[in-house]
Amino acid sequence: MSARFVDVDRETPMLLPPDLRDWVPEDDLVHFIIEAVQRLPLENFQVNHRGTGDRQFPPHMMLALLIYCYANGLFSSRKIERATHRDVAVRFLTGNTHPDHDTICKFRRENFEAFSKAFVSVLELAKELKLLKLGNVAIDGTHIKASASIDQNVTYERAQEIREQLQQDVAELLEQAETADKNDEDNQKLPKEIARREKLISKMDRAIDELKQRAGERDAKAQAEYEEKLKKRQRKEEESGKKPGGRKPKQPEAGPENSNVQANLTDPDARIMRKNKRSGFTQSYNAQAAVDADGSQLIIGEHVSQSASDSTELENGLKSIPKELGKPKAGLLDAGYVDADAIERVQEEQGIELYVSVHREDAHSERHYDYRPKKQSERPTKAIKDPRLLKMRDKLRTEEGKALYAKRNHTVETAFGIIKAVMGFRGFMLRGLEKVSGEWNLVCLSYNLKRLHQMKLAS
């Protein structure tokens, strides 16, 4: 098979010289990607139908170019542009044309819907090839760095101080400009300096507004928890007829100035996260994936969360699985997803059996062969009291539960390992939750095609 894409301007096929086509091995991933991408209808892409401007590159070719490069560790639009000159397989894919980095970046930003539909189309292809049969699904998340520095975070008070200083600077520069005009002096640099500071002021305004919103959400949650504690304390007093011991719950302090929330000036949607207490803090997103645990190791659902914890992502992870694939039989999740209410809702309302580890809350659970020295001041592990979690613990201790849960490590963990170590994707190129979500979808799509190609070669 050769690379053959339709030019949307000329409606003619673009073919490569036979000598270049012969340089690409028949079992190369590029052929499989081209075949898979050609299944996607043209109307899913954002294309220019006006017939004006420069000649447009075929959208199927642009999508195949992004997928192939992402699958092979090229994520920067400039590096992808360079590959269209240097990489034989990429030159074969592009028909010996060379989209510039602006074109590549623009196509990536504007075609998230096409990525999403291609993701589903590839999974449907896997079902047709009898390589995917939805049954047991492993769900997990991994922190992936945002395209932003952690040093660009500001608190509410600091953002106000910086904005005030910038406003003073603008006022002084305007005075200098007015004086320069009166004295007929050269003031060409002043407009640029004023514009630069005004741009920073707008950034501070956005940061302050976001911090107010996030602080309001935090305050509402803290107030609800405070009221619940008061009610619980009152119920105990009514049942026992005695005043409960211990300190009375403290009224939470409201307002953004009393919050430790910070906003990032480069990517306001990114959050400060860390994997565990032994890891450092990073400016990241929590990329979630649902992986087929019955052999294919394909990612069948994905989404991006701003929460550092996985505890709120159980239901979102299951919702991310396309309806076209059907409903999974069982879900396998680690202790980060422990939420008794969410587990109960999923099992009763959706009819999906869950196997969620609760070992972090279980005092009887210990790691076998742990060679690390024990901590001297280790806190006692909190015992499980919720009957729903006790039932889950007992279910995972059965032979069936152990066998099913064992599938989790070599499915979803393997998928993340390939994405990070083999494909080399450790940081997003785009900014903002919407764009980052689209890029993560592209990463998972590239992983799936890479995985399907390997399975096809092995069969």
Side-chain angles (χ1 to χ4, degrees), residues 29-30 32-33 36-37 62-83 87 89-90 93 101 104-105 107-109 111-112 114-116 118-119 122-123 138-150 266-267 269-271 273-275 279-280 282-292 297-306 308 310 313 317 320 411-454:
L29 174 63
V30 69
F32 189 77
I33 289 176
V37 169
M62 293 296 293
L63 177 57
L65 173 64
L66 281 173
I67 292 172
Y68 184 78
C69 289
Y70 265 70
N72 286 280
L74 294 175
F75 314 112
S76 163
S77 57
R78 293 183 183 273
K79 289 183 179 180
I80 295 173
E81 177 189 358
R82 198 176 302 129
D87 190 297
V90 174
L93 188 154
H101 61 273
I104 294 168
C105 197
F107 181 88
R108 180 169 55 185
R109 288 196 311 265
N111 284 281
F112 296 141
F115 300 162
S116 180
F119 179 79
V122 167
L123 292 173
I139 300 176
D140 205 354
T142 183
H143 294 175
I144 295 183
K145 290 182 180 179
S147 179
S149 170
I150 196 170
T266 307
D267 186 352
D269 291 341
R271 298 290 183 263
M273 301 180 182
R274 68 171 177 173
K275 184 178 179 181
S279 303
T282 59
Q283 198 73 30
S284 302
Y285 288 93
N286 188 352
Q288 297 279 317
V291 180
D292 174 35
Q297 295 182 358
L298 293 171
I299 296 176
I300 59 174
E302 51 75 34
H303 73 282
V304 175
S305 170
Q306 293 173 292
D310 294 331
E313 302 306 317
S320 69
T411 51
V412 65
E413 297 290 352
T414 301
F416 287 146
I418 291 171
I419 287 172
K420 288 187 172 183
V422 179
M423 294 169 57
F425 187 81
R426 295 179 177 274
F428 290 105
M429 305 301 297
L430 305 181
R431 293 170 180 163
L433 181 60
E434 181 181 358
K435 292 178 181 178
V436 162
S437 298
E439 187 175 12
W440 179 239
N441 183 272
L442 175 60
V443 171
C444 294
L445 170 60
S446 303
Y447 164 85
N448 278 348
L449 282 169
K450 190 179 184 75
R451 175 64 184 157
L452 276 174
H453 178 247
Q454 292 172 343

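When reading the values below, keep in mind they use all heavy atoms of this one structure, side chains included, and skip hydrogens, waters and symmetry mates.
- At a cut-off of 3.5 Å, with distance as the only test, a side-chain donor of Y285 or D267 sits close to an acceptor on the other residue.
- E302 contributes atom CD, which lies 10.0 Å from atom CG of L442 (distance to the nearest 0.5 angstrom).
- We find the CG-CG distance between L123 and N448 to be 5.5 Å, quoted to the nearest 0.5 Å.
- For the pair Q306 (side chain) and D269 (backbone), a donor-acceptor distance under 3.5 Å is present.
- Contact annotation: the side chain of Y68 never approaches that of V37 to less than 4.5 Å [non-hydrogen atoms, C-beta and beyond].
- At distances below 3.5 Å, at least one donor-acceptor pair connects side-chain atoms of R431 with backbone N or O atoms of S147.
- Annotation: side chain of F112 is not in contact with side chain of N441 (no heavy-atom distance under 4.5 Å).
- Of the possible donor and acceptor atoms, none in the side chain of N111 sits under 3.5 Å from a partner among the backbone N and O of A114.
- For the pair Q283 (side chain) and A148 (backbone), a donor-acceptor distance under 3.5 Å is absent.
- In this structure, I299 and F119 have side chains that are in contact, with non-hydrogen atoms separated by less than 4.5 Å.
- Residue M429 holds its CE atom at 7.5 Å from NZ of K79, rounded to the nearest 0.5 Å.
- Annotation for F115 and G438: closest pair CD1-O, 3.9 Å, computed over non-hydrogen atoms.
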>> Test side-chain contact (heavy atoms from CB on, under 4.5 Å) on D310 and Q288; report intermediate values, then the result.
In response: CA-CA 9 Å; D310 294 331; Q288 297 279 317; 2.8 Å; yes
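- To the nearest 0.5 Å, atom NZ of residue K275 and atom OG of residue S284 are 12.0 Å apart.
- Taking 4.5 Å as the limit, every side-chain heavy atom of E81 sits out of range of all side-chain heavy atoms of S77.
- Counting only heavy atoms from C-beta outward, the side chains of S446 and M423 approach each other to under 4.5 Å.
- For the pair F428 and K435, the minimum side-chain heavy-atom distance is 4.5 Å or more.
- Listed here is the closest heavy atom pair of L298 and R451: CD2-CG, 3.7 Å.
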> F107 and L63: side-chain contact (heavy atoms from CB on, under 4.5 Å), yes or no, with the steps?
Replying inline: CA-CA 8 Å; F107 181 88; L63 177 57; 4.2 Å; yes
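- Going from atom CZ of R426 over to atom CD1 of I419 covers 11.5 Å, rounded to the nearest 0.5 Å.
- In terms of modelled atom types and a separation under 3.5 Å, the side chain of K450 and the main chain of A71 share a donor-acceptor contact.
- Annotation for A146 and A270: closest pair CB-CB, 3.6 Å, computed over non-hydrogen atoms.
- Side-chain contact check for L65 versus I104: some heavy-atom pair is nearer than 4.5 Å.
- Side chains of Q297 and Y447 form a contact here, defined as non-hydrogen atoms less than 4.5 Å apart.
- Within 6.0 Å of CD on E434 lie no more than 12 heavy atoms contributed by other residues, nucleotides or ligands.
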>> Between N72 and L29, is the side-chain contact (heavy atoms from CB on, under 4.5 Å) condition met? List the steps.
In response: CA-CA 10 Å; N72 286 280; L29 174 63; 4.2 Å; yes
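- Residues R274 and H143 share a closest heavy-atom pair of O-CE1, 3.5 Å.
- Residues A415 and V291 come closest through the heavy atom pair CB-CG2, 4.1 Å.
- Rounding to the nearest 0.5 Å places CG of L93 at 7.5 Å from CD1 of I33.
- Across all non-hydrogen atoms, the minimal contact from I139 to G317 is CD1-C, 4.1 Å.
- Counting heavy atoms of neighbouring residues, nucleotides and ligands inside a 6.0 Å radius, atom CZ of R78 does not exceed 12 of them.
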